[in-house]
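See structure below.
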Amino acid sequence: EAKSSGRNGYQIYEQTRPERSVNKLTLLEEMRSGIENGDFFLEYQPQYNLVSGRIIGAEALVRWQHPSLGRLMPGEFIGLAEESGLIVPLGRWVMKEACRQNKAWQDAGLTPITIGVNVSARQFSDVGLVADVTAALEESGMRATYLELELTESLLIQNAEQAVELMDDFRRIGLKLAIDDFGIGYSSLVALKSFPLTRLKIDRSFIRDLDYDENDRSIARAIVSLGRELGLCVVAEGVETAKQQAFLASCRCEVVQGFHFGRPMSANKFGKLLGMTLTPLDAHFG
Ligand code: C2E
Ligand code: MG
Ligand code: MG
Ligand code: MG
């Protein structure tokens with residue numbers, strides 16, 4: 001996560017580059033112009049059905065090709081985008097681009113998949129969200145059923161009253177609604193009880209230690225069956241090993257996403273992956 005340092009300082013760092021402090025106001029100005037200039041792009045991470053081994057979806061993840069700092073990851077700029085409100089125009093672009101790209105894959109004759117888009121608190125409380133989503137669907141011509149909004153538990157609880165209404169509206173339009181990073185908040189069960197969700201994404205902190213932590217195995221197994229009992233599609237995030245995959249299969253977890261199956265990749269690469277009838281990744285499924 002990027003952290004602020006002092007009033008106008010902002011720490012930017014990546015593993016490949018020494019940490020450096022940049023001026024926060026400059027970065028904001030650059031973000032504003034970057035949105036207009038097309039400096040942002042999306043990567044797509046595949047989601048596989050654990051039984052069929054087929055790609056059934058992708059999560060769209062935003063990156064910033066900064067003119068001088070190079071490629072920045074969301075952890076380095078989403079916080080600032082939220083704080084400043086720039087997440088609204090940025091999120092609007094993400095939504096449009098994700099729908100446009102997914103429709104382009106469909107038009108190319110590839111198997112239709114669901115595209116997941118992350119929505120943060122500031123976007124969710126913006127009055128223009130429904131209009132933005134509707135515009136993205138209309139402009140792309142993609143059916144609503146292929147769009148999934150990923151919402152976090154804290155976002156839902158913060159906005160509990162409007163959230164249910166807004167989510168009902170989205171469900172009427174035909175969208176899918178996922179609870180992202182499930183299990184790390186303070187009101188996970190309240191969220192499941194209160195909101196019209198279609199999917200539950202188990203936070204990767206519960207997946208990470210599955211290979212050697214018996215408690216995590218119990219928790220993951222319980223979350224999968226809880227989700228199933230509620231009629232939700234359960235997705236495990238952050239799956240990195242074959243052992244984790246095998247365990248999740250034994251729990252009858254429906255969908256997996258993680259570095260073991262594929263890292264977030266360019267649209268071009270993802271399109272090729274989707275186009276292969278027998279992907280190299282089929283090797284992962286017996
Ligand atoms: P998230 O929605 O939970 O997305 C999953 C994050 O986990 C991604 O990081 C992804 O690259 C990473 N990941 C996937 N599989 C694995 C794995 O096997 N191991 C590990 N260690 N990590 C894995 P990324 O792309 O850096 O995004 C971080 C967060 O930034 C996202 O978390 C999401 O909250 C936010 N974000 C990304 N794109 C957008 C966007 O377009 N809009 C908004 N509002 N937030 C976004
Ligand atoms: Mg997500
Ligand atoms: Mg997540
Ligand atoms: Mg997250």
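Only this structure's heavy atoms are used, side chains among them; waters, hydrogens and symmetry mates stay out. We number each residue from 1, following the sequence as shown. First listed ligand is number 1; within each ligand, the first listed atom is number 1.
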[X] side-chain N/O to [Y] backbone N/O, donor-acceptor pair under 3.5 Å:
{"X": "Asn49", "Y": "Ile55", "answer": "no"}
{"X": "Thr26", "Y": "Val22", "answer": "no"}
{"X": "Ser194", "Y": "Ala191", "answer": "no"}
{"X": "Glu76", "Y": "Met73", "answer": "yes"}

So which bit of [X] gets within less than 4.0 Å of ligand 1, heavy atoms only: side chain, backbone, both or neither?
{"X": "Pro264", "value": "side chain"}
{"X": "Arg263", "value": "neither"}
{"X": "Ile78", "value": "side chain"}
{"X": "Val94", "value": "side chain"}
{"X": "Leu42", "value": "neither"}
{"X": "Glu59", "value": "side chain"}
{"X": "Lys201", "value": "neither"}

For [X], take its heavy atoms, then give the atoms of ligand 1 lying under 4.0 Å from any of them.
{"X": "Gln45", "result": "14 (C), 15 (N)"}
{"X": "Arg63", "result": "25 (O)"}
{"X": "Asp180", "result": "1 (P), 2 (O), 3 (O)"}
{"X": "Glu240", "result": "17 (C), 18 (O), 19 (N), 20 (C), 21 (N)"}
{"X": "Ser120", "result": "44 (N)"}

### Query
Is the Trp105 to Phe270 ring centre distance short of 6.0 Å?
yes
### Task
Mind reading off the angle at the Mg ion (ligand 3) between the OE1 atom of Glu237 and the OD1 atom of Asp180, rounded to 10°?
90°
### Message
Determine whether Glu237 and Gln257 satisfy the following criterion, side chain to side chain donor-acceptor pair (under 3.5 Å), listing intermediate values before the conclusion.
### Response
CA-CA 5 Å; Glu237 284 195 288; Gln257 175 184 345; 4.6 Å; no
## Note on the structure
salt bridge (charged side-chain N to carboxylate O under 4.0 Å, His left out) test vs Glu150 passes for just one of Lys201, Arg199, Lys176, namely Lys201
### Message
With ring-ring contact (aromatic ring centres under 6.0 Å, His included) as the test, pick out the partner of Trp64 among Phe41, Trp93, Phe40.
### Response
Phe40
Quick check: closest heavy atoms across [X] and [Y], and the distance to 0.1 Å?
{"X": "His260", "Y": "Glu240", "result": "CB-C, 3.5 Å"}
{"X": "Lys243", "Y": "Asp211", "result": "CB-OD1, 3.3 Å"}
{"X": "Ser125", "Y": "Asn159", "result": "CB-OD1, 3.7 Å"}

Looking only at distances, please establish whether an N/O atom of ligand 1 is found under 3.5 Å from an N/O atom of [X].
{"X": "Gln123", "value": "yes"}
{"X": "Gly258", "value": "no"}
{"X": "Phe259", "value": "yes"}
{"X": "Arg204", "value": "yes"}

### Query
Is the distance from the Mg ion (ligand 2) to some N, O or S atom of Asp181 under 2.8 Å?
no
### Query
Is the closest side-chain donor-acceptor distance between Ser140 and Lys96 under 3.5 Å?
no
## Note on the structure
For the Mg ion (ligand 2), the nearest N/O/S atom on Glu59 is atom OE2
### Atom of Glu150 nearest the Mg ion (ligand 2) (restricted to N/O/S, atom name only)
OE1
### Message
When you compare the side chain of Leu86 with that of Arg32, does any pair of heavy atoms fall below 4.5 Å?
### Response
yes
#### Entry: Residue pair Glu36, Ser33: steps toward the side chain to side chain donor-acceptor pair (under 3.5 Å) verdict
CA-CA 5 Å; Glu36 282 165 23; Ser33 56; over 6 Å; no
Non-hydrogen atoms of [X] versus ligand 1: any pair closer than 4.0 Å?
{"X": "Gly238", "answer": "yes"}
{"X": "Gly91", "answer": "no"}
{"X": "Glu237", "answer": "yes"}
{"X": "Glu43", "answer": "no"}

### Summary
A student comparing Asn118, Val239, Asp181 should find that the heavy atom closest to atom 2 (O) of ligand 1 comes from Asn118
### Task
Please answer: with hydrophobic residues joined when any side-chain heavy atoms are less than 4.5 Å apart, are Leu177 and Ile113 in the same cluster?
yes
